[in-house]
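Here is the structure we will look at, set down as structure tokens.
In this text the structure is predicted, and so the values were computed from the model without any measurement.
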Amino acid sequence: MKLTIVFAGLLGVFLTPALAFTDINIGGDSNSGISGQQSVSVNNEHNVANIDNNNGWDSWNALWDYNTNFAAIRLFKKKVCIVHRMNKDVTPSLHTLDALVKEKKLQGKGPGGPPPTSLIYSINPERVNDLEKLGKPIAGMCRGIPTYTADEIEGASLFFYSKACLRADILWILRISLCGELEV
């Protein structure tokens with residue numbers, strides 16, 4: 001009986017992290033025109049999703065914190081972090097994203113699927129002084145580098161927007177444009 005209890009306890013210890021953390025890699029295939037690689041990690045225990053875009057100097061990391069409803073994108077080339085509110089109307093829920101990841105529904109999708117939803121954000125020129133108000137995960141990711149907030153511009157079109165924009169395509173779900181001048 002003791003052996004059964006010990007076995008069940010060990011199974012719980014080792015199985016819990018496996019169920020709480022799921023990831024998927026979406027690699028660039030040299031024949032498909034995709035450069036770099038994106039990976040998604042979903043952590044149900046902390047209610048966060050982490051998206052890594054590995055593309056040399058143009059690499060970036062995004063973190064979606066479903067507890068605070070903030071998202072952050074760390075742009076390695078610019079050495080800055082930009083934080084914005086998640087648009088719940090177009091950002092998939094953590095449960096939905098986790099299901100897509102587990103079912104590998106995001107694997108190999110792309111140009112053949114529906115176009116991604118575009119969101120345009122205007123970067124505020126003032127630096128964030130208190131990272132803790134953005135939540136522990138985002139504070140940890142953005143600590144030590146200049147951090148700015150950005151506000152969504154609803155109904156905007158990049159065709160008519162005059163400021164310089166940086167683009168972060170998150171999988172084939174969202175196309176995020178971060179527009180404005182940064183003083184770094």
Inset, instruction - Check side-chain contact (heavy atoms from CB on, under 4.5 Å) between Ala139 and all other residues, then give those that pass, not counting sequence neighbours. - result: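 If we apply the side-chain contact (heavy atoms from CB on, under 4.5 Å) test to Ala139, skipping adjacent residues, the hits are Leu131, Glu132, Arg143.
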Donor-acceptor contact present, side-chain [X] to main-chain [Y], <3.5 Å:
X     : Y      : answer
Gln38 : Asp169 : yes
Ser59 : Gly56  : yes
Thr96 : Pro92  : no

Residues 67-76 side chain polar contacts: donor-acceptor under 3.5 Å, at least two apart:
from, atom 1, to, atom 2, distance (Å)
Asn67, OD1, Asn47, ND2, 2.9
Asn67, ND2, His46, O, 3.1
Thr68, OG1, Asp65, OD2, 3.4
Thr68, OG1, Phe70, N, 3.3
Arg74, NH1, Met141, O, 3.0

Legend entry - Result of checking Ile176, Thr117, Asn53, Thr91 against Ile170 for side-chain contact (heavy atoms from CB on, under 4.5 Å):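 When Ile176, Thr117, Asn53, Thr91 are each tested with Ile170, the side-chain contact (heavy atoms from CB on, under 4.5 Å) holds only for Ile176.
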Legend entry - Test side-chain contact (heavy atoms from CB on, under 4.5 Å) applied to Val128 and Ile82, Val83, Ile138, Leu134, the passing residue: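 So, applying the side-chain contact (heavy atoms from CB on, under 4.5 Å) to Val128 and each of Ile82, Val83, Ile138, Leu134, only Leu134 qualifies.
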Quick one: do [X] and [Y] end up in the same hydrophobic cluster if we chain Ile, Leu, Val, Met, Phe, Trp and Tyr together by side-chain heavy atoms under 4.5 Å apart?
X     : Y      : result
Val90 : Ile173 : yes
Met86 : Val42  : yes
Leu63 : Leu174 : no
Val48 : Trp60  : no

Could you measure the distance from the [atom1] atom of [X] to the [atom2] atom of [Y]? Nearest 0.5 Å is fine.
X      : Y      : atom1 : atom2 : result
Asp89  : Leu119 : CG    : CG    : 10.0 Å
Tyr66  : Ser93  : OH    : OG    : 6.5 Å
Lys133 : Thr149 : NZ    : OG1   : 7.5 Å
Ile153 : Ser122 : CD1   : OG    : 4.5 Å
Arg175 : Arg167 : CZ    : CZ    : 4.0 Å
His95  : Leu97  : NE2   : CG    : 11.0 Å

Inset, instruction - Please name the pair of heavy atoms, one in Asn124 and one in Tyr148, separated by the smallest distance, quoted to 0.1 Å. - result: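 Taking Asn124 first and Tyr148 second, the nearest heavy atoms are O-CD2, 3.3 Å.
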Inset, instruction - Check the side chains of Asn50 and Asn61 for a donor-acceptor pair under 3.5 angstrom, ignoring hydrogens and angles. - result: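 Yes, Asn50 and Asn61 have a side-chain donor paired with an acceptor closer than 3.5 Å.
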Inset, instruction - Tell me yes or no: between the side chains of Asn54 and Gln37, is some donor less than 3.5 Å from an acceptor? - result: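 No, because no side-chain N or O of Asn54 sits under 3.5 Å from a partner of the opposite role on Gln37.
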Inset, instruction - State, with a plain yes or no, whether a side-chain heavy atom of Asn87 is found less than 4.5 Å away from one of Glu152. - result: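 Side-chain contact under 4.5 Å: yes.
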Legend entry - Close side-chain approach of Ser177 and Leu166, heavy atoms under 4.5 Å: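 Heavy-atom side-chain distance check fails, nothing below 4.5 Å.
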Inset, instruction - For residues 49-60, pull every pair meeting salt bridge (charged side-chain N to carboxylate O under 4.0 Å, His left out), keeping only residues two or more places apart or in separate chains. - result: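 Only Asp58-Lys77 qualify under salt bridge (charged side-chain N to carboxylate O under 4.0 Å, His left out).
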